[in-house]
Amino acid sequence: MPAHVPSRARSGVGGVGLGLRSTHVAEVLRDRPDIPWFEILADNYLATGGAIPRQLATVREHYPLTFHCVGMSLGGTDPLDMDYLKAIRRLVRDAEPAWVSDHLSFTRFRRHNYHDLLPLPCNEEALRHLSSRIQFVQEFLGRRILVENVSSYLSYQASDIDEADFIAELLERADCELLLDINNVYVNAVNHGFDARAYLDRIPVARVREIHLAGYETREGYLLDAHNHPVTPPVWRLYEDFVRRQPDIPTLIEWDKDIPAFEVLQAEGQKAEALVARHVDTPAEAASA
């Protein structure tokens, strides 16, 4: 069995972190801003020589890190890419992140990489398939991983389990943890017509290791998980409602396109910190009264 991920208190990761993108690395290394931790997209740091590994090592000297991946294709039917997993394992060994995450999706089919996070049907077959592959990855890396709920724009006829119940069952079967993307929950709630709060109420809080917050785009008839806008008011409301239950879950501001000045990301992080601070010392029963 994989080793338990360290507790939040011992991992060095807490509060509200930021996704570190190449646009801001030089500024971060020069100014050393007061950020509790950074999440890096591990796929961008798999080179074995040159400036990129040295850059990562320098960031790691000053900040706790977590790794976010997009290449495991946990839901795919192609064999797991062992070269990729070996590269991730090497990077984990060298940089010692607090935890590693990827998505409940597939990115490859018949050896073609779609460079997108493609959703899965929610049914028993998918549960068995995902839990087996997640368990293998955890054994290979020697640690639990986090899996992230993804946004979607279609529904499968083969789905016969509610997504929130599907995720809760998967977390138990695979014995993994959840990276809860609240923006994705809201996007899917609008796109598919379900109650986002009822969805979040069925998520097992004890399995949530990290929360993602991001911005979406409004398109004609649907929302697009674009990660190129500030967090929106309805997502902030869902976030505050969720952290009433467990205020100490580390949160990340995620912004991947049309990346703004670093100060804009810091301001988003400060908003999240202010919402959490309202509930840190408030019992859940009193907060919901």
Going only through I, L, V, M, F, W and Y residues with side-chain contacts under 4.5 Å, is there a path from Val150 to Phe67?
-> no
Residues Tyr216 and Asn183: closest non-hydrogen pair is CD2-OD1, 3.3 Å
Between the OG1 atom in Thr23 and the CD1 atom in Ile259, the distance rounded to the nearest 0.5 Å is 4.0 Å
Spell out, as yes or no, whether a donor-acceptor pair under 3.5 Å connects the side chain of Arg202 to the backbone of Ala198.
-> yes
Work out which heavy atom in Leu178 is nearest to a heavy atom in Val147; give both atom names and the distance.
-> CD1-O, 3.1 Å
Between Leu238 and Ala196 the two heavy atoms that sit nearest each other are CD1-CB, 3.8 Å
Could you grab the distance from atom CD of Glu148 to atom CD1 of Ile211, nearest 0.5 Å is fine?
-> 12.0 Å
Residues Glu124, Arg173; criterion salt bridge (Lys or Arg N to Asp or Glu O under 4.0 Å); working and verdict = CA-CA 12 Å; Glu124 177 62 31; Arg173 290 195 193 186; 2.8 Å; yes
Gap between atom CG of Leu65 and atom CZ of Arg60 - 0.5 Å precision = 5.5 Å
Looking only at atom types and distance, does a side-chain atom of Asn191 sit under 3.5 Å from a main-chain N or O of Leu223, one as donor and one as acceptor?
-> yes
With sequence neighbours left out, write down each residue that passes side chain to side chain contact (heavy atoms under 4.5 Å, CB included) with Ser151, or none if nothing qualifies.
-> Tyr153, Asn184, Val187, Asn188, Asp225
Closest contact, heavy atoms only, Val100 versus Cys69 = CG1-SG, 3.9 Å
Closest non-hydrogen contact found for Cys176 with Ile134 is CB-CG2, 3.9 Å
Please check if any side-chain donor atom of Thr251 sits under 3.5 Å from a side-chain acceptor atom of Tyr239, or the reverse.
-> yes
Same cluster (ILVMFWY, side-chain, under 4.5 Å), Val25 and Trp255 | yes
Please, which pairs that meet salt bridge (Lys or Arg N to Asp or Glu O under 4.0 Å) have at least one residue in residues 185-198, sequence neighbours excluded?
-> Arg197-Asp241
Do Leu74 and Leu127 belong together in a cluster built from hydrophobic side chains that touch within less than 4.5 Å?
-> yes
Can you tell me if Glu163 and His192 form a side-chain donor-acceptor pair at under 3.5 Å?
-> no
Electrostatic pair Asp81:Lys86 at N-O distance under 4.0 angstrom | no
When you measure from the side chain of Glu39 to the backbone N and O of Thr66, does any donor-acceptor pair fall under 3.5 Å?
-> no
Going by the angle between their ring planes, with limits at 30° and 60°, are His24 and Phe262 parallel, tilted or perpendicular?
-> perpendicular
With a 4.5 Å limit on heavy-atom distance, are the side chains of Asn149 and Tyr199 in contact?
-> yes
Excluding sequence neighbours, so at least two apart, what forms ring pair (Phe, Tyr, Trp, His ring centres under 6.0 Å) with Phe140?
-> none
Distance col, row Arg207:CZ vs Glu172:CD, nearest 0.5 angstrom, shows 4.5 Å
Can His68 and Leu252 be said to form a side-chain contact (heavy atoms from CB on, under 4.5 Å), step by step?
-> CA-CA 11 Å; His68 197 39; Leu252 184 95; over 6 Å; no
What residues, two or more places apart in sequence or in another chain, satisfy ring pair (Phe, Tyr, Trp, His ring centres under 6.0 Å) together with Phe38?
-> Tyr63
Taking Ser73 for the side chain and Thr107 for the main chain, is one N or O donor matched with an acceptor at less than 3.5 Å?
-> yes
What pair of heavy atoms forms the shortest contact from Leu117 to His103, and how long is it?
-> CD1-CD2, 3.4 Å
Tell me whether Tyr84 is reachable from Leu130 by hopping between hydrophobic residues (I, L, V, M, F, W, Y) whose side-chain heavy atoms are closer than 4.5 Å.
-> yes
May I ask you to decide if Leu146's main-chain N or O and Ser101's side chain share a donor-acceptor pair within less than 3.5 Å?
-> no
Rounded to the nearest 0.5 angstrom, the CD-CD1 distance for Glu273 and Ile253 is 9.0 Å
Sorted by first residue and then second, give each salt bridge (Lys or Arg N to Asp or Glu O under 4.0 Å) pair with at least one member in residues 250-272; sequence neighbours left out.
-> Arg21-Asp256, Glu268-Lys271
Working to the nearest 0.5 Å, report the span between CG of Leu80 and CG of Leu85.
-> 6.0 Å
Taking side chain as C-beta onward, heavy atoms only, is Pro97 less than 4.5 Å from Val92?
-> yes
Just wondering, do Val243 and Ile249 contact through their side chains at under 4.5 Å, heavy atoms?
-> no
Val28, Leu41: one ILVMFWY side-chain cluster at the under-4.5 Å cut-off?
-> no
Sequence neighbours excluded, which residues qualify as side chain to side chain contact (heavy atoms under 4.5 Å, CB included) partners of Ile52?
-> Tyr45
